[in-house]
2 protein chains.
Amino acid sequence: MELTHSDLPALQAPHPDHADCRGVASILARVGDKWSVFVIMNLSGGPKRFNELKRVINGISQRMLTLTLRGLERDGLVTRTIFPTIPPRVDYELTDLGRGLQQPVKALGEWAMAHQEQIAAARTRFDERNNT
Amino acid sequence: MELTHSDLPALQAPHPDHADCRGVASILARVGDKWSVFVIMNLSGGPKRFNELKRVINGISQRMLTLTLRGLERDGLVTRTIFPTIPPRVDYELTDLGRGLQQPVKALGEWAMAHQEQIAAARTRFDERNNT
DNA sequence: CGGAATCCGAATCGATACTG
DNA sequence: CAGTATCGATTCGGATTCCG
């Protein structure tokens, strides 16, 4: 698969807690993927079709939308339902698991929104300091 | 800079809320970066030196640790303090901003831990279904 | 010790063209 | 409409070498 940064090198285990880091990291990677987040957000309101998502997300290529949706489906976050009509229709919908993920993701998003100016300022300062 | 997935294409704005997606996404990308998360976690306990981090994280290359730390420093999440001793010593420490980020990240990490079996199972099922 | 610089293969991604 | 397939450009990232 192309999308996942999934498999990461061994991680030391100072506490037994760290045993699960491998799996956890692959989940964090999905959240860090901007397209995955956008798709999850745009599915909050209910099921959507492929091209509907493509229009709303605006900037995603067909290829990346397909890849992103496959990844989410693989992780059990999204379901894919085919209606064998003509023309074909495919609906994507959040699973309960996917909806559950929205809470922590929104928390993170809100933190990001709340501090984005602070971070932007830090970036500007850092960039000015280094180049010129 | 090499590390950031930062700049993303325009995003439609159904609600005015979505105006900030650009900046927010670049912050989410940092959280999605596995090394950044590991570094932030490992700095919870207080400042650490470069090679100390390198040993603890185990699997990160020197190059990626440098890049990751620069990124975090740029975003104002980590400070870098040089002690001009011989041999040189450089300490990295979380800023208040960095410590603040830990809360939502931990929430996400806990969600991931809580559901990792469910997700692993979903992946297995999906993979079995498709190939073989 | 804590990097910076270079090399180079591997993984990503967008654009395009084709299909049922 | 909802994809798959292919290709070229970019980016990523590990290994290595050199430096104060």
Side-chain angles (χ1 to χ4, degrees), chain A residues 1-11 25-26 29-30 32-36 38-39 42-43 47-74 78-93 130-131, chain B residues 1-11 25-26 29-30 32-36 38-39 42-43 47-74 78-93 130-131:
Chain A
M1 240 282 266
E2 197 182 2
L3 192 71
T4 57
H5 318 169
S6 15
D7 303 282
L8 68 159
L11 184 67
S26 78
R30 182 156 313 292
D33 180 47
K34 106 193 154 225
W35 299 130
S36 295
F38 290 163
V39 167
N42 277 295
L43 288 181
K48 279 203 166 61
R49 304 177 60 171
F50 185 88
N51 277 348
E52 215 171 340
L53 282 172
K54 187 165 183 331
R55 267 191 303 280
V56 171
I57 295 191
N58 198 330
I60 195 170
S61 65
Q62 190 181 49
R63 177 186 142 86
M64 287 314 292
L65 182 54
T66 299
L67 250 33
T68 301
L69 287 169
R70 288 288 173 281
L72 293 172
E73 191 195 353
R74 184 171 107 103
V78 156
T79 58
R80 177 168 181 268
T81 311
I82 307 175
F83 300 92
T85 57
I86 297 186
R89 170 197 179 111
V90 181
D91 273 13
Y92 292 93
E93 184 171 15
N130 200 329
N131 27 11
Chain B
M1 239 283 265
E2 197 182 1
L3 191 71
T4 57
H5 319 169
S6 14
D7 303 282
L8 69 156
L11 185 66
S26 77
R30 181 155 313 292
D33 179 48
K34 107 193 151 221
W35 299 131
S36 294
F38 290 163
V39 167
N42 277 295
L43 288 180
K48 279 203 169 57
R49 303 178 59 172
F50 186 88
N51 276 349
E52 215 171 338
L53 282 172
K54 188 165 183 330
R55 266 191 303 279
V56 171
I57 294 189
N58 199 329
I60 194 170
S61 66
Q62 187 183 51
R63 177 185 146 86
M64 288 315 293
L65 182 54
T66 300
L67 249 33
T68 301
L69 287 169
R70 287 289 173 281
L72 293 171
E73 192 194 352
R74 185 172 108 101
V78 156
T79 57
R80 178 169 181 267
T81 311
I82 308 174
F83 300 92
T85 58
I86 297 187
R89 171 199 179 110
V90 180
D91 273 13
Y92 292 92
E93 185 172 14
N130 202 329
N131 31 16

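First the proteins, then the strands, lettered A, B, ... as listed; each starts at 1.
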Side chain E73(B), main chain R70(B), donor-acceptor under 3.5 Å: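 Between the backbone of R70(B) and the side chain of E73(B) there is no qualifying donor-acceptor contact (under 3.5 Å).
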Smallest separation among heavy atoms of N42(B) and K48(B), with atom names: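 That closest heavy-atom pairing would be O-NZ, 3.2 Å.
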Residue pair L43(B) / Y92(B): nearest heavy atoms and the distance that separates them: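 That closest heavy-atom pairing would be CD2-O, 3.5 Å.
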Without decimals, in angstroms, what is the distance between [X] [atom1] and [N] [atom2]?
X      : N       : atom1 : atom2 : value
K54(A) : dA15(C) : NZ    : P     : 9 Å
I86(B) : dC1(C)  : CD1   : C1'   : 11 Å
M64(A) : dA2(D)  : CE    : C1'   : 17 Å
W35(B) : dC12(D) : CH2   : P     : 16 Å
L65(B) : dA15(D) : CG    : P     : 14 Å
L67(A) : dA11(C) : CG    : C1'   : 12 Å
D33(A) : dC12(D) : CG    : P     : 14 Å

Heavy-atom side-chain contact between L72(A) and S36(A) under 4.5 Å: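 A side-chain contact exists here, since the closest heavy-atom pair is under 4.5 Å.
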Test item: R80(B) and V90(B) side chains (from C-beta on) under 4.5 Å apart, heavy atoms: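 Side-chain contact under 4.5 Å: yes.
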How far does [atom1] of [X] sit from [atom2] of [Y], to the nearest 0.5 angstrom?
X      : Y      : atom1 : atom2 : value
I57(A) : E52(A) : CD1   : CD    : 11.0 Å
K54(B) : M64(B) : NZ    : CE    : 12.5 Å
L65(B) : W35(B) : CG    : CH2   : 9.5 Å

Pick out the pairs of N or O atoms, protein on one side and nucleotides 2-5 of chain C on the other, that lie under 3.5 Å.
unit_1 : atom_1 : unit_2 : atom_2 : d
dG2(C) : OP1    : R49(B) : NE     : 3.0
dG2(C) : OP1    : R49(B) : NH2    : 3.3
dG2(C) : OP2    : N51(B) : N      : 3.0
dG2(C) : OP2    : N51(B) : ND2    : 3.3
dG3(C) : OP1    : R70(B) : NH2    : 3.4
dG3(C) : OP1    : R80(B) : NE     : 3.2
dG3(C) : OP1    : R80(B) : NH2    : 2.4
dG3(C) : OP1    : Y92(B) : OH     : 3.4
dG3(C) : OP2    : Y92(B) : OH     : 2.5
dG3(C) : N7     : Q62(B) : OE1    : 3.4
dG3(C) : N7     : Q62(B) : NE2    : 2.5
dA4(C) : OP1    : R70(B) : NH2    : 3.2
dA4(C) : N6     : Q62(B) : OE1    : 3.2

End-to-end axis angle, where each axis spans five pairs of the helix from dC1(C)-dG20(D) to dG20(C)-dC1(D), to 10°: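 Here the helix ends are tilted 40° relative to one another.
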